[in-house]
**Q** 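Please read through the structure below; I'll follow up with questions.
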Amino acid sequence: MEVKRDILWRVYLSFLGIALLSALILGRAFYIQRFQGSYWRSMSDSLHQRIEPLDAERGTIYSEDGQMLSTSIPTFDIYMDMEADGLREKNGKRFKENVDSFSRALSDYFGDRSVAEYKRDLESAYRRNDRYYPLRKKLLFEDYKAFREFPLARLGRNKSGVIVEVDSKRLTPFQLLANRTVGLSRDYVASSGKVKKMNVGLEKSYDSSLTGQKGERLVRFIAGGVAVPVEGYKVEPENGKDVVTTLDVNIQDITESALMKVMLQSASQYGTAIVMETKTGKIKAIANLGRQKDGSYWEDDNYALRVTEPGSTIKLLTLLSVLEKRSSSLTDLVEVGNTGQMQVGPRIVNDAERQPKPVETVEECFAHSSNVGMSKIAYKAFANNPKEFREYIHRFQLDIPSPVDLKDVPKPRIAPLDNKSGRLMNMITMSFGYAIQVSPLNTLTLYNAIANDGKMMKPYLVNSIQVDGNTIEQFQPTVLEEKICKPEVVNAAKECMKAVVQIGTGKPAFRDMPFSVAGKTGTAHVADGKIKYDDGVYQATFVGYFPAEQPQYTCIVVIRTKPHAFLHYGGQVAAPVFREIATKLYAMYVEKKNATNYAAVKDSSAYFYAGYTKDVRNVFSKLNVNYKDSATQANWTSVYAQDAMPVIKGNFVQGKVMPNVKGMGLKDALYLLENIGVKVVAKGKGKIINQSVPAGTPLTKGFTVVVELG
């Protein structure tokens, strides 16, 4: 009995001990979770480290004349380490003494919260011992410079606890100008949750050059999974290369403005205009304007590459083919009738307008854009073998994507000419611009070959790749075809395109021109996707070159009209845009005169100034002068006239590259240049009209520039 009692006592004692120990463990677990959870989670996070990639600074895209078309500007994310020694020493004396003035500075400058709200949030973060309190994000450099002078922030990282992380933001200083062609580069969150990069245009085509080499850094994770950089463990990234394009900002501005004017007047759906340097194939301007829901226009797609039925501009293909085959000559007579409609082979062909006479020469058929006449000479040449017409399409490179240096270029679409059913019908339809879809750039390349005496040049957008101002890869003009056809055929085509402007469908738009133009109008009735013929939508085109005797530039304008537009022919809608572009370019670049000689403008409406952006805006504001503001975040600005209205354009300055100071007063130029370490020698008085070191030149220590004022 005694033994049993002794055993039970020991069992009870053991059970009681286990119960007490369990209670202690549960109590301790509750205490840790309830009162020390944040501390131990923070301790756990601080034991995790990993290497993170660092993005390189993306290269800049420049115009041929040295203007920035797309660049990266730094942005700054500001955090505070509330456990920094400087904030905690002497029982938090420094934090308590500065929190009021710091809150006031933040509230006064940013204006998004009151002083009391800033103070409350800062004190709350301080009480939580927040190691990575997010204060401000995506500050631009000017705002960051101001922030560094705030109370507490100006004491430095150790005393203030301020942590600064530098990122970058992609900026297009000229906004609308060539925006779609230059493209964009930005991150977006995919449906999978992963961050991916969205690129279009040159940003996509030259992404590997612009991106650079990533670096890496070691980070330590603190409470909340926030990553804090570990000092001394960082490999700097290698910045991206710069891309210098063939685009000229002035030509682009002229082209975009001329197109915009007609788009607004006509309320058309979209339009594109391309200017090519005839001898080289360089694209000097490429404008793409699409109508938005609010009636405004933006560069929302690259319409220059969109393949559509071109209408009568394809008649150059028909003309070249029959002349090269020798089945017709320019003086051959063709019956076109006086009803605007005739049977050609298996189909009825209609002319958009009645022809001036029932029988015309081949040259007159082209000049007056007779569908009947052009289809008849095509039928005469290729009725027995429609597939032969396809060989000419290939010869003139209208069946392949444009070789321009962009990615994702669409391929032309051509109705079949090799099967028995419908091939003759398709060939006849193609001869006047239907059953074949090509891009405006395809069409322009063919017309440019005629302007260039039969030599077909590859269209291209990039001149060179540079690093710190030094060229590492240069792109030269490329000949696609030395001779696309016989010289006499090229000369005949030139005469026909002159006739279009002198006696044909282009005559009304080009009356009283101070120089000669050659080209072709085109009007296509659109049936595309949801758009049907009954909708009354047309594609109006004019493509040509100037001066006609010694071509310098070749240009195409394509505009898709609104439904049932009263004006919808190529000579009515597209040709006036071509005329304005040609007139200004001829004055500025061919005769090298001021374009205002050829335009009716007010006195003193042609000018150019430059200076500090805030000062320029302030002057216009004080004088109550209306102006267009395209300066965005730029500190420095150029001011020029556009349709008699001042336009402010950002002049972005890089530390290691010579800026453009033309148009500035001496005070602004001295401030800008001396702050980047350039010595200045000034001659004359007035505003700066010349600088000895061209804009865009890489700078080295001790650089001296001579500025001429006048």
Side-chain angles (χ1 to χ4, degrees), residues 251 254-255 257-263 265-266 268 271-276 278 285 287 310-313 315-316 319 330 352-353 355-356 360 363-370 440 443-444 446-448 450-451 491-523 538-559 561 567-591 593 595-601:
I251 298 178
I254 289 168
T255 304
S257 298
L259 181 62
M260 178 69 83
K261 183 189 299 183
V262 170
M263 297 299 289
Q265 290 171 353
S266 62
S268 296
T272 183
I274 316 168
V275 178
M276 180 184 288
T278 304
S312 293
T313 54
K315 289 172 182 173
L316 177 61
L319 180 70
L330 292 189
E353 295 181 294
Q355 296 299 298
E360 296 177 335
E363 181 176 346
E364 289 171 335
C365 288
F366 187 89
H368 295 293
S369 203
S370 171
T443 303
L444 179 66
L446 177 60
Y447 276 77
N448 189 72
I450 299 302
N491 292 332
K494 287 182 176 181
E495 291 303 314
C496 287
M497 284 193 274
K498 287 181 185 177
V500 170
V501 174
Q502 293 167 355
I503 65 168
T505 53
K507 182 178 178 180
F510 293 96
R511 284 195 180 98
D512 304 319
M513 285 289 285
F515 56 93
S516 58
V517 171
K520 181 72 184 78
T521 60
T523 307
Y538 291 86
Q539 180 171 292
T541 305
F542 189 88
V543 55
Y545 53 86
F546 59 93
E549 291 75 21
Q550 292 183 316
Q552 302 294 310
Y553 297 103
T554 312
C555 176
I556 187 169
V557 179
V558 178
I559 295 175
T561 69
L567 299 178
H568 60 266
Y569 289 116
Q572 297 172 326
V573 182
V577 179
F578 183 101
R579 177 182 175 126
E580 181 171 340
I581 294 169
T583 300
K584 291 182 177 179
L585 294 193
Y586 182 82
M588 294 175 68
Y589 294 95
V590 180
E591 285 200 335
K593 295 179 180 179
T596 55
N597 293 344
Y598 293 92
V601 296

**Q** Quick check for you: to the nearest 0.5 Å, what is the distance between I274 atom CD1 and N448 atom CG?
**A** 11.0 Å

**Q** Under the side chain to side chain contact (heavy atoms under 4.5 Å, CB included) rule, collect the residues that match up with Q265, sequence neighbours excluded.
**A** K261, V262

**Q** Hey, does the side chain of Y586 reach the backbone of I581 with a donor-acceptor pair shorter than 3.5 angstrom?
**A** no

**Q** What's the spacing between M263 CE and I559 CD1 if we round to 0.5 Å?
**A** 6.0 Å

**Q** The criterion is side chain to side chain contact (heavy atoms under 4.5 Å, CB included); which residues satisfy it with P356, sequence neighbours excluded?
**A** E360, H368

**Q** With sequence neighbours left out, write down each residue that passes side chain to side chain contact (heavy atoms under 4.5 Å, CB included) with P551, or none if nothing qualifies.
**A** T278, A451, Y545

**Q** According to salt bridge (Lys or Arg N to Asp or Glu O under 4.0 Å), who are the partners of K507, at least two apart in sequence or on a separate chain?
**A** none

**Q** Mind checking the CG-CE spacing from L444 to M276? Nearest 0.5 Å is all I need.
**A** 4.0 Å

**Q** Quick check for you: to the nearest 0.5 Å, what is the distance between K315 atom NZ and S370 atom OG?
**A** 6.5 Å

**Q** Distance-only check: which donor-acceptor pairs under 3.5 Å involve side-chain atoms of residues 510-523, not counting sequence neighbours?
**A**
unit_1	atom_1	unit_2	atom_2	d
S516	OG	A548	N	3.1
S516	OG	E549	OE1	2.4
S516	OG	E549	OE2	3.1
K520	NZ	S369	OG	2.9
T521	OG1	T505	OG1	2.6
T523	OG1	G570	N	2.9

**Q** Decide yes or no on side-chain contact (heavy atoms from CB on, under 4.5 Å) for V590 and L585, but give the supporting numbers first.
**A** CA-CA 7 Å; V590 180; L585 294 193; 6.0 Å; no

**Q** What's the spacing between F578 CZ and T583 OG1 if we round to 0.5 Å?
**A** 9.5 Å

**Q** Might you point out which heavy atoms bring P310 and T541 nearest each other, and give the distance in Å?
**A** O-OG1, 4.4 Å

**Q** For H568 versus Q572, what's the shortest heavy-atom pair and its separation?
**A** N-OE1, 3.2 Å

**Q** Among residues at least two apart in sequence or on other chains, which ones pass side-chain hydrogen bond (donor to acceptor under 3.5 Å, both in side chains) with S268?
**A** S266

**Q** How close do A273 and V557 get, counting heavy atoms only, and between which atoms?
**A** CB-CG2, 4.1 Å

**Q** Which heavy-atom pair separates A258 from E580 by the least distance, and what is that distance?
**A** CB-CD, 3.8 Å

**Q** Restricting to non-hydrogen atoms, name the atom on C496 and the atom on F366 that form the minimum distance, rounded to 0.1 Å.
**A** CB-CD2, 3.6 Å

**Q** Salt bridge (Lys or Arg N to Asp or Glu O under 4.0 Å) with E495: which residues, sequence neighbours excluded?
**A** K498

**Q** If you measure from SG on C555 to CZ on F542, what distance do you get to the nearest 0.5 Å?
**A** 9.0 Å

**Q** Evaluate the side-chain contact (heavy atoms from CB on, under 4.5 Å) criterion for residues T255 and I251: first the C-alpha distance (whole Å), next the side-chain angles of each, then the deciding distance (0.1 Å), finally the verdict.
**A** CA-CA 6 Å; T255 304; I251 298 178; 4.1 Å; yes

**Q** Can you tell if the side chain of Y553 reaches within under 4.5 Å of the side chain of Y589, non-hydrogen atoms only?
**A** yes

**Q** Looking at every non-hydrogen atom in both residues, tell me the closest pair between T313 and V543 and how far apart they are.
**A** CG2-CG1, 3.7 Å

**Q** I'd like to check the side chain to side chain contact (heavy atoms under 4.5 Å, CB included) partners of A499; sequence neighbours left out, ordered by chain and number.
**A** E363, A367, I503

